[in-house]
Amino acid sequence: MMKYFSIAFTSVMTSVMAILLFSNALAHHNSPESLEARVAAVGTLNIDGGSAGVGVATNDADSAAPETGETVYNTNCATCHAGGIAGAPILGEVDDWEERIEQGMDSLVEHAILGFTGSFGVMPPKGGNTALNDNAVTAAVQFMINQVE
Ligand code: HEC
């Protein structure tokens with residue numbers, strides 16, 4: 001839970017800092033002549049940010065095989081498993097996975113596909129994305145196990 005709060009806190013702080021920086025920039029450009037320059041500058045920033053973001057995402061999707069366990073994990077499982085949201089065992093945390101792994105891969109995969117409720121929380125079927133096929137979920141589980149072995 002602490003991790004969740006610190007992630008949330010960090011993103012709030014990042015937004016606050018972005019707003020402060022932005023209003024600071026505006027305060028230093030109060031003359032009317034600079035209006036155009038200001039708009040242009042902001043527009044350029046937005047366009048750069050937008051295209052860079054889309055470009056990275058598109059390249060990732062194109063270059064990586066869409067069905068790798070890591071891709072499936074990043075898209076469908078990281079929401080909970082990266083930070084331990086809702087009681088999820090955290091990726092790469094040996095303590096969180098040791099006992100679970102002892103039950104065997106088949107059981108882990110079954111729990112990931114069908115969903116299961118343990119003493120920590122609820123693992124939704126296929127992480128909530130029922131459009132995923134079983135192979136994709138299996139690959140994601142294998143990827144998660146690989147991070148602690
Ligand atoms: C909404 C949050 C959430 C998402 C999304 C999610 N999980 Fe989970 N997962 C959990 C929780 C919570 C647990 C632990 C439940 C418990 O033991 O009480 C868990 C447990 C697991 C386990 C251990 C099962 C066991 O038998 O101990 C595996 C494997 C797993 N998840 C795989 C996945 C995969 C693969 C995905 C993506 C396709 C995924 N999870 C997405 C919440 C989530």
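What you see is a predicted model, and the numbers here were worked out from it, not measured in a lab. The figures here come from the full heavy-atom set of this structure, side chains too, leaving out hydrogens, waters and symmetry mates. Remember, it's 1-based here, ligands and their atoms both numbered in the order they're listed.
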Yes or no: does Glu99 have any heavy atom under 4.0 Å from an atom of ligand 1? no
So do the side chains of Glu149 and Ile145 get within less than 4.5 Å of each other, counting heavy atoms only? yes
Before signing off on this row, confirm whether Gln103 and ligand 1 have an N or O atom pair separated by under 3.5 Å. yes
For ligand 1, the portion of Tyr73 having any non-hydrogen atom under 4.0 Å away: neither
Could you check whether any heavy atom of Ser107 sits closer than 4.0 Å to an atom of ligand 1, since that is the contact criterion I want to use? no
Give the residue, atom name and distance (to 0.1 Å) of the protein heavy atom nearest atom 41 (C) of ligand 1. Gly127 CA, 3.5 Å
Heavy atoms from other residues, nucleotides or ligands near CZ of Phe120 exceed 12 (cutoff 6.0 Å): no
Side chain or backbone, does Arg100 bring an N or O within less than 3.5 Å of an N or O on ligand 1? yes
So do Asp134 and Lys126 actually touch side chain to side chain, heavy atoms under 4.5 Å? yes
Residue, atom name and distance, where the atom is the protein heavy atom closest to atom 11 (C) of ligand 1: Ala88 CA, 3.5 Å
With under 30° as parallel and over 60° as perpendicular, where do the rings of Phe116 and His111 fit, or are they tilted in between? parallel
ILVMFWY cluster, Leu132 and Met144 together (side-chain gap under 4.5 Å): yes
Leu108 side chain near Gln103 side chain, heavy-atom distance below 4.5 Å: yes
Regarding ligand 1, does Gly121 bring an N or O atom to under 3.5 Å of one of the ligand's N or O atoms? yes
Checking heavy-atom distances from atom 13 (C) of ligand 1 to each of Pro89, Ala82, Ala78, the winner is Pro89
With a cut-off of 4.0 Å, which atoms of ligand 1 are near a heavy atom of Ser119? 18 (O)
Looking only at non-hydrogen atoms, the one of Lys126, Gln142, Met123 nearest atom 33 (C) of ligand 1 is Met123
Which atoms form the tightest heavy-atom contact between Gln147 and Leu91, and what is the distance? CG-CD1, 3.5 Å
Identify whether Met123 and Ile101 are in the same connected component of the hydrophobic contact network (ILVMFWY, side-chain heavy atoms under 4.5 Å). no
Within the 4.0 Å heavy-atom cut-off, what Val122 brings close to ligand 1 is backbone
Numbered atoms of ligand 1 (with element) below 4.0 Å of Val141, judged on heavy atoms: 35 (C)
Do any nitrogen or oxygen atoms of His111 come within less than 3.5 Å of a nitrogen or oxygen of ligand 1? yes
Under 4.0 angstrom from ligand 1, any heavy atom of Gly128? no
What protein heavy atom sits nearest atom 22 (C) of ligand 1, and how far away is it? Trp97 CH2, 4.0 Å
Could you say whether the N/O atoms of Phe120 and ligand 1 ever approach to under 3.5 Å? yes
In ligand 1, which numbered atoms sit nearer than 4.0 Å to a non-hydrogen atom of Gly87? 12 (C), 14 (C)
Looking only at heavy atoms, is any part of Cys77 under 4.0 Å from ligand 1, and if so is it the side chain, the backbone, or both, or is it neither? both
Flag the pair Thr68 / Val72 as yes when at least one side-chain heavy-atom distance between them is below 4.5 Å, and no otherwise. no
Tell me whether ligand 1 is touched by Thr79 - counting only heavy atoms on the residue side and a distance under 4.0 Å. no
Looking at atom 24 (C) of ligand 1, what's its closest protein heavy atom, distance included? Phe116 CE2, 3.5 Å
What about Val122 and Leu114, same hydrophobic cluster or not, with Ile/Leu/Val/Met/Phe/Trp/Tyr joined at side-chain heavy-atom distances under 4.5 Å? no
Element-labelled atoms of ligand 1 that are located less than 4.0 Å from some non-hydrogen atom of Ala140: 35 (C)
How far is atom 4 (C) of ligand 1 from the closest protein heavy atom, and which atom is that? Cys80 SG, 3.3 Å
Heavy-atom closest pair (Ile90 atom, Asp96 atom, distance to 0.1 Å) is N-OD2, 3.0 Å
If you look at every heavy atom in Pro89 and His81, which pair is closest and at what distance? O-ND1, 2.8 Å
Protein heavy-atom partner closest to atom 12 (C) of ligand 1 - residue, atom, separation in Å: Ala86 O, 3.2 Å
Any nitrogen or oxygen of His81 lying under 3.5 Å from a nitrogen or oxygen in ligand 1? Just yes or no. yes
Looking at every heavy atom in both Cys77 and Ala140, which two are closest together, and how far apart are they? SG-CB, 4.2 Å
